[in-house]
Number of protein chains: 2
Amino acid sequence: MVSIKDIASKAGVSISTVSRTLNHYADVNPRTRDKIFKIAKELNYFPNAVARSLVQKKTHTIGVFFGNKTNSGFDHPFFQDVISAVREVVGNAGYDLLVFTNKNKERATYTTLSKERSVDGIVLLLTGEGKKWDHQLTELQESGIPCTAIDVPLVGEKCGFVESDNFSGAKQAIEHLISLGHTTIAFIGGDEISKTSFDRLRGYQQALMDHKLGLDPTLVRLGYFIKEKAMEETRNLIETGKQITAFFAASDEMAMGVIEALTAIGLRVPEDVSVVGFDDIREAAYFRPALTTIRQNKYKLGSTAAEVLLKIIENTGPSSCPVVLPCELIVRESTAACSRRE
Amino acid sequence: MVSIKDIASKAGVSISTVSRTLNHYADVNPRTRDKIFKIAKELNYFPNAVARSLVQKKTHTIGVFFGNKTNSGFDHPFFQDVISAVREVVGNAGYDLLVFTNKNKERATYTTLSKERSVDGIVLLLTGEGKKWDHQLTELQESGIPCTAIDVPLVGEKCGFVESDNFSGAKQAIEHLISLGHTTIAFIGGDEISKTSFDRLRGYQQALMDHKLGLDPTLVRLGYFIKEKAMEETRNLIETGKQITAFFAASDEMAMGVIEALTAIGLRVPEDVSVVGFDDIREAAYFRPALTTIRQNKYKLGSTAAEVLLKIIENTGPSSCPVVLPCELIVRESTAACSRRE
DNA sequence: AACGCAACCAAAAACGTTTCCGAAAATAAG
DNA sequence: CTTATTTTCGGAAACGTTTTTGGTTGCGTT
């Protein structure tokens, strides 16, 4: 491997001169500058990023953490777009992405792994189950490592987070259903710990209250963002005998599960019961019936998470966190006017 | 940042002893060993991977290159599963993933970027347009950097590649169509440079010849793996007036385009014309009509690419390259018996 | 008492950079 | 022709490790 030293000896100058030249310092004679650049090109030189990082304490690398369950990384239908956006904007700023695989490391945390690798900042892309590690999260918040997350409320001087307006999104969904004449609406929520789940539940309740439709606690169930669990809960819900005419699921995957369970029972969607999902993952448009859902702007979610992170890292401008992005109701085929006569 | 030096001074030993201790060398007294570990824990020490990499010339990092067009990275419907698999197996082996964003670097190549970052190996995930950079590829093959690729035929001592059995896959697709009674089958291929495209074309031709159905060159068109191009070509094909009863597209995205174009013209799928795709991306199952397609084992593609790479890096076992994985015909709704009477 | 052999540890070089500081050379000012 | 000022460059420390080499120390053996 050809180093700065080789160039120096070939050019008859010191390594510090070579370094200053290559980094475009002003105090170097044009003649020697040209010579050094010429030799560098001849020798096919390129700098060693590792050595540079060691002294500069800057790696031009952004760390990425996924949850470590399956279906929670690149193959997650929601995160694939946000990670794509993150890559785009950090790339334009000159950073590469280090995806932590964090396997077989016992006592490792986000913080220790980040410090070991000396990444300049990190973005957290956690699914439901990953968010419960608050001890890790508080450690991170206090660590001083620049970090942003999607959906998980990080607070701290070097922290930021961005999320969709889950409250309003859920509210929109329910209002859509109400405008269609539905009055008995079940909610398949996420979990009991994430802010995301909580906000969507609140939106559901608020919309119901706004329209003077009573809240029936037995109508809200937890699906933990898992399709199978959602199927199970819809079966349970139907078995209660209540005349439920619409379901709102806190994710598209669960909505698909709801529809699948409903269909298995013999109920037609949307003729007999309407269902709306949340997220607008790719499959939602192709599913049959095509899902009516609340679209999250996944690309924007990722890009602003990255932008906020870069601001924190480079200390430019106020962080203005959290950022909350609007959702959009996408009406497709899984919702229809309520058929049940009062 | 607490370093090995801090531990050394606090323990009253030299830094080399600390290093040897932490790396579990044998020649260190149990008493000092315990003391050093205790202090390390107290000080919340963890090693600096950058410094270690500098001396060891090993980063425990696998580089990943995507094409730099949009829809060719994480958001590519095909690669999301393979990158997921790559992450899984390299993670188990103790490597992290460095995703190159390679923006705004003018003269950078796969080779120079990899050497700059000192990654231990790389995997290439290129879409059609990316594969034409053969000067970059030959440079890489000669560089001695361990590398594997999906679908692009890398040869060299430190290179490997894995692909699906595109020839047999295409052959299966056509045979399925033939068994359904189709005799006039159009082919919407990929491009004119990639091996993948070429093999699928060969499979198409071979199947036709095996069944004594003549080859009509005007029935094969290039869609460049782009939906819109595929739509255009199907329109062109229909306008020729030939009684085409089936289309075979070299990718699911193109197959969807074909169906869309057909539907726009007023032709029904599969009643009037059958179409089969290639890949079996997620959307294929949800699309309507659900796509009959040739499934590539995307996870296996990624995992064996990673396994081969690790073998090359760690010099264990023969590389046995290329690896070619079988495809599987998935019959869904977009194909049916030929309705046209002879 | 002398020797050999373990066991244990310290010193120092090395990895490839950046960067601070000061020195030499060149130029300008007096 | 001296002095002051700029321009240009080299020396050396520093970043945090690993790894080689060799040196003590202590012990058991003759």
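So that the names make sense, note that chain A is the first sequence line, chain B the second, and so on, each numbered from 1.
When rounded to the nearest whole Å, the span between CZ of A/R20 and C1' of D/dT7 equals 11 Å. As a whole-Å value, the separation of A/H24 NE2 from C/dT19 C1' is 17 Å. Atom-to-atom, CE of B/M1 to P of D/dT17 comes out at 8 Å; the value is rounded to the nearest Å. The CG-P distance, from A/D27 to C/dC21, rounds to 14 Å in whole Å. C/dT17 atom P lies 12 Å from atom CG of A/L54, rounded to whole Å. Atom CD1 of B/I15 and atom P of C/dC8 are 21 Å apart (whole Å). A straight line from CZ of B/R117 to P of C/dG16 spans 18 Å, rounded to a whole angstrom. Taking atom CZ on A/F46 and atom C1' on C/dT17, their separation rounds to 15 Å, with Å as the unit.
A sub-4.0 Å separation between OP1 or OP2 of D/dG16 and a side-chain N or O of A/K57 is present. Taking 4.0 angstrom as the limit, B/S19 places none of its side-chain polar atoms (N or O) nearer than this to OP1 or OP2 of D/dT17. Residue A/Y25 has no polar side-chain atom (N or O) positioned under 4.0 Å from OP1 or OP2 of C/dC20. Taking 4.0 angstrom as the limit, B/S16 places none of its side-chain polar atoms (N or O) nearer than this to OP1 or OP2 of C/dA11. Between C/dC15 and A/N48, no contact under 4.0 Å exists linking OP1 or OP2 to a side-chain N or O. The side chain of A/T32 places no N or O atom within less than 4.0 Å of a non-bridging phosphate oxygen (OP1 or OP2) of D/dT8.
Note on A/E42 versus A/K38: salt bridge recorded, some NZ/NE/NH1/NH2 to OD/OE distance being below 4.0 Å.
Residue contacts for B/V13: at a heavy-atom cut-off of 4.0 Å it reaches the sugar-phosphate backbone alone, with no base atom in range.
Ranking D/dC15, D/dC9, D/dT17 by closeness to the A/V55 side chain, first place goes to D/dC15. Of the candidates D/dG16, D/dT18, C/dC8, the closest approach to any side-chain atom of B/R52 belongs to D/dT18.
Here the closest heavy-atom approach between residue B/K58 and residue B/S53 is recorded as O-OG, 3.2 Å. Of all heavy-atom pairs spanning A/D120 and A/T59, the tightest one is OD1-N, 3.1 Å.
Both A/K5 and A/Q56 sit near DNA chain C, but only A/K5 has its closest nucleotide nearer the 5' end. Residues B/V2 and A/A26 both approach DNA chain D. Their nearest nucleotides, taken by heavy-atom distance, put A/A26 toward the 5′ side. Between B/S14 and B/A51, it is B/S14 whose nearest contact on DNA chain C lies nearer the 5' terminus.
Aromatic ring orientation, B/Y95 versus B/H60: tilted (interplanar angle from 30° to 60°). In this structure, A/F66 and A/F74 have perpendicular ring planes: the angle between them is above 60°, well past the 30° mark. Using a 30° and 60° split on the angle between ring planes, A/F78 and A/H76 fall in the perpendicular class, above 60°.
Within 3.5 Å, no donor on the side chain of B/N29 pairs with an acceptor on the base of C/dC9, nor the reverse.
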